[in-house]
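See below for the structure under consideration.
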Number of protein chains: 2
Amino acid sequence: MPTMSVENYLKAILSLHEEGKVQVSTTELAKRVESTPASTSAMLRKLGERGWVEHKRYHGVRLTKSGHGIAMNILRRHRLWECFLVEHLGFDWDQVHDIAEELEHVDSKELANRLDAFLGFPKLDPHGDAIPGPNGRFRSVAARTLLLDAPRDLELIVVGVVDGRDAFLRHLGVLGMSLGTRLTIRKRHAFDGSLEIQFNDDDDMQMVSPSVCSRLWVDQNNPEPIIEFPHPDDTDEKRKV
Amino acid sequence: MPTMSVENYLKAILSLHEEGKVQVSTTELAKRVESTPASTSAMLRKLGERGWVEHKRYHGVRLTKSGHGIAMNILRRHRLWECFLVEHLGFDWDQVHDIAEELEHVDSKELANRLDAFLGFPKLDPHGDAIPGPNGRFRSVAARTLLLDAPRDLELIVVGVVDGRDAFLRHLGVLGMSLGTRLTIRKRHAFDGSLEIQFNDDDDMQMVSPSVCSRLWVDQNNPEPIIEFPHPDDTDEKRKV
DNA sequence: TTAAATTTTTAGTCATGTCTAAAAATTAAA
DNA sequence: TTTAATTTTTAGACATGACTAAAAATTTAA
Ligand SMILES: [Mn+2]
Ligand SMILES: [Mn+2]
Ligand SMILES: [Mn+2]
Ligand SMILES: [Mn+2]
């Protein structure tokens with residue numbers, strides 16, 4: 001029965017893990033949870049004592065298996081609630097994060113499972129992020145590429161955002177982009193890395209900055225290979241592929 | 001921006017007001033929020049300082065208009081979420097209270113209003129209790145009587161419970177009663193106040209204790225007079241009837 | 001109307017989680 | 001490799017909300 005604060009720290013560590021950091025530094029974590037390094041340091045001591053992280057002083061932390069399970073559970077609830085807010089209450093995808101940030105802490109396994117069923121066991125949240133299942137593992141997700149790295153002259157479809165902050169989502173709105181937008185890269189500008197993109201719905205052409213392109217996941221309409229993201233410690237051989 | 005704890009205290013005071021107490025005593029409130037008189041006393045000082053209650057030391061408290069507004073808002077969210085849990089997630093009416101007790105603290109006016117719309121602007125929660133509207137006032141509710149006080153030989157319909165605790169709701173299940181049950185009082189036993197009740201669906205007769213009968217609201221199938229429950233301080237003349 | 005019982009408040013602790021400022025350890029630069 | 005910069009931890013405070021035990025006020029009983 002972790003507190004709300006503990007849950008937020010664990011979830012933040014998980015998200016940093018998923019961004020590639022094997023060891024999470026105190027300062028980085030502090031930024032993520034919007035607190036100070038001092039507070040974070042104190043929290044890490046506690047998380048370590050309770051067996052949710054492995055913490056070597058002055059070097060980073062890693063989630064333990066049990067900490068990873070808790071964090072995946074919060075992430076699951078966060079993304080399920082985001083689905084509910086967008087699909088059933090009609091919120092825009094840039095309005096749901098803060099509300100889900102609170103809803104995710106309502107503690108009831110039964111609630112999460114029933115909500116999951118009510119939503120039709122979605123695989124992705126409104127931002128294209130994978131939703132963990134009740135077992136604490138991600139459901140399979142289609143392969144995807146950063147728009148910045150995608151090939152030219154091939155129809156692409158926007159399937160996710162790397163950066164879920166409201167400011168970025170609203171900027172996408174200004175550019176006329178959202179999940180499902182079909183587009184084709186027509187030109188790469190070597191000078192600043194901008195892409196000239198054709199919007200396949202209206203044949204409109206537009207210049208898009210590399211900063212935006214590096215924050216968008218696109219699908220190349222390949223047959224979808226299945227990928228799972230287990231916890232690094234998880235050597236369970238019976239795992240389904 | 002009251003804390004979760006403050007919200008629980010204010011809501012508890014409101015519910016005691018609605019049970020007829022004009023002044024709420026420290027001990028009674030402590031029992032309701034499941035804390036001690038000492039903790040409650042400290043909280044009341046704080047609530048008074050912030051202008052949410054009027055508190056004369058050693059005599060009870062009353063909600064101020066602003067405190068009443070906050071409490072009605074929490075109550076609104078509590079009951080809306082209960083509707084959602086029962087009607088859309090398939091929970092039983094005796095499983096939703098504790099979950100709603102947490103959901104009610106998720107702070108977003110927009111969320112409450114959209115949920116309200118999603119549910120079709122319900123007037124009553126799954127326990128037959130009135131749901132406050134976005135203006136902080138109860139919506140109109142049909143007149144109702146305690147089963148204990150209802151007349152004999154008249155078809156009645158169960159429309160609400162006075163006591164929403166899970167134990168009581170489950171006991172109702174054992175008796176085969178829930179919201180909507182049609183019944184008729186056939187005999188009053190003077191000795192212990194028990195009622196002999198005919199269930200109109202299956203013509204079954206059953207003895208029901210006065211303790212249960214004093215916890216059930218029934219409708220007499222009269223044309224529904226409209227009642228509102230404004231705050232006692234509210235002398236606003238423009239109020240709609 | 002005084003004494004006893006009850007209720008309420010105060011006093012003193014504790015747990016959680018936050019902060020700033022200072023000290024310690026690590027990492028980067030010279 | 002010694003020094004400088006950066007990161008992390010510790011020290012010391014504070015806010016919130018809970019508790020037990022003791023004192024004060026009120027209510028009830030004698
Ligand atoms: Mn959160
Ligand atoms: Mn999301
Ligand atoms: Mn509550
Ligand atoms: Mn209810």
Side-chain angles (χ1 to χ4, degrees), chain A residues 1-13 16-17 19 21-63 67 70-71 74 98 101-102 104-107, chain B residues 1-13 16-17 19 21-63 67 70-71 74 98 101-102 104-107:
Chain A
M1 44 178 80
T3 64
M4 192 175 285
S5 184
V6 164
E7 289 182 343
N8 283 333
Y9 277 93
L10 291 176
K11 186 163 67 94
I13 298 170
L16 288 164
H17 277 332
E19 288 165 21
K21 275 95 181 179
V22 178
Q23 294 282 115
V24 172
S25 80
T26 302
T27 314
E28 208 160 17
L29 181 55
K31 263 180 210 136
R32 190 58 62 98
V33 298
E34 296 183 285
S35 73
T36 61
S39 306
T40 301
S41 192
M43 179 58 85
L44 289 182
R45 191 174 46 66
K46 217 173 312 176
L47 295 181
E49 282 165 10
R50 303 197 189 163
W52 292 325
V53 300
E54 237 174 273
H55 184 215
K56 283 183 210 148
R57 270 160 68 257
Y58 288 100
H59 305 82
V61 271
R62 274 187 71 189
L63 290 171
I70 293 170
I74 310 303
D98 291 349
E101 200 58 49
E102 296 190 47
E104 69 188 359
H105 303 291
V106 174
D107 179 31
Chain B
M1 44 178 81
T3 65
M4 193 174 288
S5 185
V6 164
E7 289 182 342
N8 283 332
Y9 277 94
L10 291 177
K11 185 163 67 93
I13 299 170
L16 288 164
H17 277 333
E19 288 165 20
K21 275 96 181 177
V22 178
Q23 294 283 116
V24 172
S25 81
T26 303
T27 314
E28 208 160 15
L29 180 55
K31 263 180 210 136
R32 190 59 63 97
V33 298
E34 296 183 286
S35 74
T36 60
S39 306
T40 302
S41 192
M43 179 58 87
L44 289 183
R45 193 175 43 68
K46 217 173 311 175
L47 295 182
E49 283 165 8
R50 302 194 191 166
W52 292 324
V53 300
E54 236 173 274
H55 184 214
K56 283 182 211 147
R57 269 160 70 257
Y58 288 100
H59 305 81
V61 270
R62 273 187 73 189
L63 290 170
I70 294 171
I74 311 301
D98 290 350
E101 200 59 48
E102 296 190 47
E104 69 188 359
H105 302 290
V106 174
D107 179 31

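Just so you know, these numbers use all the heavy atoms, side chains as well, and skip hydrogens, waters and symmetry mates. Just so we're on the same page: letters track the sequence lines, and every chain starts at 1.
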Would you please test A:Trp52 and A:Ile13 for side-chain contact (heavy atoms from CB on, under 4.5 Å) and show each step?
CA-CA 11 Å; A:Trp52 292 325; A:Ile13 298 170; over 6 Å; no
Take A:Glu28 and A:Lys21, measure what side-chain contact (heavy atoms from CB on, under 4.5 Å) needs, and give me the verdict at the end.
CA-CA 10 Å; A:Glu28 208 160 17; A:Lys21 275 95 181 179; 3.1 Å; yes
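The phosphate of D:dT16 has neither OP1 nor OP2 within less than 4.0 Å of any side-chain N or O from B:Ser5. At the phosphate of D:dT10, OP1 or OP2 sits under 4.0 Å from a side-chain N or O atom of A:Arg57.
On the nucleic acid side, DNA chain C contacts chain B at distances under 4.0 Å to non-hydrogen atoms, with the end points of that region at C:dT7 to C:dT10.
Without hydrogens or angle criteria, B:His17 side chain to B:Leu63 main chain gives a donor-acceptor distance under 3.5 Å. The backbone N or O of B:Asp107 lies less than 3.5 Å from a partner atom in the side chain of A:Glu102, making a donor-acceptor pair.
For B:Glu34, the CD atom sits in a loose shell: 12 or fewer heavy atoms of surrounding residues, nucleotides or ligands are nearer than 6.0 Å.
Residue A:Thr40 is classed as having no contact, given no heavy-atom separation below 4.0 Å to the nucleic acid.
In this entry the distance linking NE2 of B:His59 with C1' of D:dA25 reads 9 Å, nearest Å.
Side chains of B:Tyr9 and B:Pro2 form no contact here, defined as non-hydrogen atoms less than 4.5 Å apart.
Contacts between residues 30-39 of chain A and DNA chain D, defined by a heavy-atom separation below 4.0 Å, involve A:Pro37, A:Ala38, listed by number.
Salt-bridge check for B:Arg45 with B:Glu49: passed, with a basic side-chain N closer than 4.0 Å to an acidic carboxylate O.
Across all non-hydrogen atoms, the minimal contact from A:Ala12 to A:Arg32 is CB-CG, 3.7 Å.
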